[in-house]
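Worksheet: one structure, shown below.
What you see is a predicted model, and the numbers here were worked out from it, not measured in a lab.
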Number of protein chains: 2
Amino acid sequence: MSLLSFKLNEKLYLRDPQHTQLGQNIIKKSIEMIDKMGFEQFTFKKLAEQIESTEASIYRYFENKHHLLLYLISWYWNWMEYRIELSTSGIKDAAEKLRICLRILAEEKKIDPTFEFVNEAALSRIVISELDKAYLTKDVDDLNKDGLYGGFKSFCKKVAAIAQEVCPSYPFTSSLISSVALIANHQVFFSNHLPSLSSLPKDNPYEKLYEFMESIVFLSLTPSTK
Amino acid sequence: MSLLSFKLNEKLYLRDPQHTQLGQNIIKKSIEMIDKMGFEQFTFKKLAEQIESTEASIYRYFENKHHLLLYLISWYWNWMEYRIELSTSGIKDAAEKLRICLRILAEEKKIDPTFEFVNEAALSRIVISELDKAYLTKDVDDLNKDGLYGGFKSFCKKVAAIAQEVCPSYPFTSSLISSVALIANHQVFFSNHLPSLSSLPKDNPYEKLYEFMESIVFLSLTPSTK
DNA sequence: GCAAATATAATAGCGATACTATCATATTCA
DNA sequence: TGAATATGATAGTATCGCTATTATATTTGC
């Protein structure tokens with residue numbers, strides 16, 4: 001069992017996967033598989049084969065594969081929020097806090113040994129390519145009512161609060177932060193696959209990505225020579 | 001037949017749907033249906049019923065439903081680019097041109113009578129909720145090699161060229177423009193369905209959306225007090 | 001105007017997907 | 001040890017994505 005685990009919205013799962021061997025296998029292997037083959041190609045049947053279990057058993061943990069994806073994404077944003085809390089806890093200055101948030105958003109994700117059975121590097125690639133699919137669905141409103149987007153919303157809220165502190169008069173804080181959080185993902189994807197849509201270097205976009213995000217955010221929050 | 005039609009990449013379709021009655025029905029009805037039920041629920045079988053044709057006949061126009069979606073999205077960005085050309089052709093000042101582009105990106109889309117059998121209002125809702133699904137796929141690289149993302153790329157390139165003119169020294173023009181183009185869509189969706197992620201009013205987000213986008217872009221392109 | 005080419009319709013079928021249901025066998029733990 | 005619970009094994013259903021075949025319209029070239 002891990003030392004630390006996140007308390008995720010209970011509607012995300014039927015049985016809590018963090019607490020059993022089978023559940024942990026499901027999480028671990030599904031991250032691997034979705035990363036490799038993409039969410040469309042991924043099925044519970046294939047997953048069952050890989051972990052030497054059965055489709056029916058997996059369905060006892062997750063209502064369907066879309067809920068599993070929401071679970072993983074929610075886990076990811078909880079993890080991101082946790083990291084922001086760790087890194088900003090000692091800091092006083094709001095602008096410095098905000099810079100740390102942007103750093104964390106922009107940087108390449110590495111495996112965090114605090115959490116066994118989660119490969120954060122692979123998970124972050126999943127979030128890059130599947131986040132929008134999870135959100136932009138016809139049943140947003142139902143899913144949202146059940147709080148299934150809580151992870152991302154909570155993350156954005158926390159960062160937005162810091163941004164608000166930096167510039168209380170800026171009128172678009174929520175939009176700015178949610179936009180920048182998505183941009184971080186899109187631009188990594190573009191730099192890699194559709195380079196004409198990006199100004200970031202393909203081999204290592206992360207440093208420039210930070211500069212790009214930092215400039216957007218701080219120019220917006222710094223009422224210059226008005 | 002329409003007076004005007006766009007020359008879309010030939011790999012998007014098997015038979016050009018703009019040139020036949022059945023083809024036009026496919027376009028017209030698929031826009032309606034995808035708008036109503038979402039891309040996931042939409043199938044060629046259901047479409048065939050609606051237009052009183054057969055699944056097999058539709059497969060003679062489009063390889064599969066993903067290609068049909070790419071076709072619609074490509075059409076949309078061609079239309080957007082065409083509108084930008086119309087609206088900026090007489091203008092000299094680059095900054096003013098760029099503002100017009102942002103206006104067009106941010107505004108609510110209305111039906112354009114120039115193009116029969118395309119409901120641009122519905123199509124723009126499709127682009128809002130399905131654009132990322134079309135791009136963020138495991139076979140991006142193949143699709144991109146065939147030029148299937150040409151519409152969006154060409155649109156961004158055109159706007160980026162104007163932005164570059166406004167500020168030749170800005171290092172992230174491509175990233176800025178592609179980001180803003182996506183933001184326009186996301187923020188409309190968020191203001192409607194996930195309002196805590198947005199600062200825009202739910203009932204009519206468009207005016208504020210423009211202000212938001214304008215401020216991001218022009219603050220970035222205007223090296224203030226450096 | 002007629003034959004040849006082509007487009008569409010009608011129907012069937014295949015393998016895979018997303019799930020549900022049932023029953024048997026482990027495992028846990030009171 | 002016995003009762004509850006978790007998992008495995010297996011089967012089944014409706015739909016999806018797509019292909020194939022054959023028949024019937026419709027267009028086009030001569």
Side-chain angles (χ1 to χ4, degrees), chain A residues 1 10-30 33-34 36-72 117 130 133-134 137-139 142-143, chain B residues 1 10-30 33-34 36-72 117 130 133-134 137-139 142-143:
Chain A
M1 287 293 133
E10 293 187 1
K11 300 221 175 176
L12 285 167
Y13 50 82
L14 300 173
R15 219 201 284 307
D16 189 339
Q18 287 179 314
H19 293 349
T20 69
Q21 189 57 52
L22 178 59
Q24 297 186 8
N25 286 343
I26 291 174
I27 301 304
K28 187 187 173 87
K29 205 74 194 181
S30 64
M33 291 178 75
I34 297 174
K36 273 198 196 109
M37 59 212 265
F39 186 64
E40 271 67 43
Q41 298 307 308
F42 169 80
T43 72
F44 278 2
K45 188 166 202 166
K46 291 174 188 167
L47 173 59
E49 279 165 30
Q50 288 287 321
I51 60 177
E52 287 176 316
S53 177
T54 64
E55 226 182 330
S57 298
I58 298 170
Y59 272 105
R60 287 194 198 95
Y61 282 83
F62 292 100
E63 218 170 303
N64 51 51
K65 73 170 184 169
H66 192 242
H67 272 69
L68 169 56
L69 179 62
L70 288 173
Y71 181 94
L72 296 178
F117 72 85
E130 315 295 347
K133 295 178 200 167
T137 169
K138 276 288 161 188
D139 45 349
D142 291 334
L143 298 173
Chain B
M1 287 296 131
E10 294 188 0
K11 300 221 175 176
L12 286 166
Y13 50 81
L14 300 172
R15 217 200 285 308
D16 190 338
Q18 287 179 313
H19 295 348
T20 69
Q21 189 56 53
L22 178 59
Q24 296 186 7
N25 286 342
I26 291 173
I27 301 304
K28 188 187 172 86
K29 205 75 194 179
S30 66
M33 291 178 75
I34 297 174
K36 275 199 194 107
M37 57 211 264
F39 185 65
E40 271 69 42
Q41 298 308 308
F42 168 81
T43 71
F44 278 1
K45 188 166 203 166
K46 291 175 188 167
L47 173 59
E49 278 165 31
Q50 288 286 322
I51 59 177
E52 287 177 317
S53 177
T54 65
E55 223 183 333
S57 297
I58 299 169
Y59 272 105
R60 283 192 205 94
Y61 281 84
F62 292 100
E63 216 172 303
N64 52 48
K65 71 171 186 169
H66 192 242
H67 272 68
L68 168 56
L69 178 62
L70 288 174
Y71 181 93
L72 296 177
F117 72 84
E130 315 295 347
K133 295 176 200 168
T137 170
K138 275 290 162 187
D139 45 349
D142 291 334
L143 298 173

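A close approach under 4.0 Å does not occur between any side-chain nitrogen or oxygen of B:Thr54 and OP1 or OP2 of C:dT8.
Between B:Ile58 atom CD1 and C:dA7 atom C1' there is a gap of 14 Å when expressed in whole angstrom units.
Of all heavy-atom pairs spanning A:Ser30 and A:Phe42, the tightest one is CB-CZ, 3.8 Å. The minimum heavy-atom distance linking B:Tyr59 with B:Asn64 is given by the pair CE2-CA, 4.2 Å. When every heavy atom of A:Phe39 is checked against every heavy atom of A:Lys65, the shortest pair comes out as O-NZ, 2.9 Å. Across all non-hydrogen atoms, the minimal contact from A:Thr137 to B:Lys133 is CA-NZ, 4.4 Å.
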Kindly determine whether A:Lys11 and A:Leu143 satisfy side chain to side chain contact (heavy atoms under 4.5 Å, CB included), including the steps that lead there. CA-CA 9 Å; A:Lys11 300 221 175 176; A:Leu143 298 173; over 6 Å; no

Using side chain to side chain contact (heavy atoms under 4.5 Å, CB included), reason through B:Ile58 and B:Leu68 one step at a time and then give a plain yes or no. CA-CA 10 Å; B:Ile58 299 169; B:Leu68 168 56; 5.7 Å; no

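If you walk DNA chain D from 5' to 3' and mark each nucleotide with an atom closer than 4.0 Å to a heavy atom of chain B, the marks span D:dC16 to D:dA20.
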Donor-acceptor pairs under 3.5 Å, side chain of residues 43-54 of chain B to any protein atom, not counting sequence neighbours: which ones?
residue	atom	partner	partner atom	Å
B:Thr43	OG1	B:Lys45	N	3.4
B:Thr43	OG1	B:Lys46	N	3.1
B:Lys46	NZ	B:Gln41	O	2.7
B:Thr54	OG1	B:Ser57	N	3.2
B:Thr54	OG1	B:Ser57	OG	2.9

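If you take CZ on B:Phe117 and CG on B:Asn25, they are separated by 10.0 Å, rounding to the nearest 0.5 Å.
Residue contacts shown for A:Tyr61 are limited to sugar-phosphate atoms, with no base heavy atom under 4.0 Å away.
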When every nucleotide of nucleotides 15-30 of chain C is labelled 5' to 3' by its protein contacts under 4.0 Å (heavy atoms), B for base, S for sugar-phosphate only, - for none, what sequence of letters results? --SSBBB---------

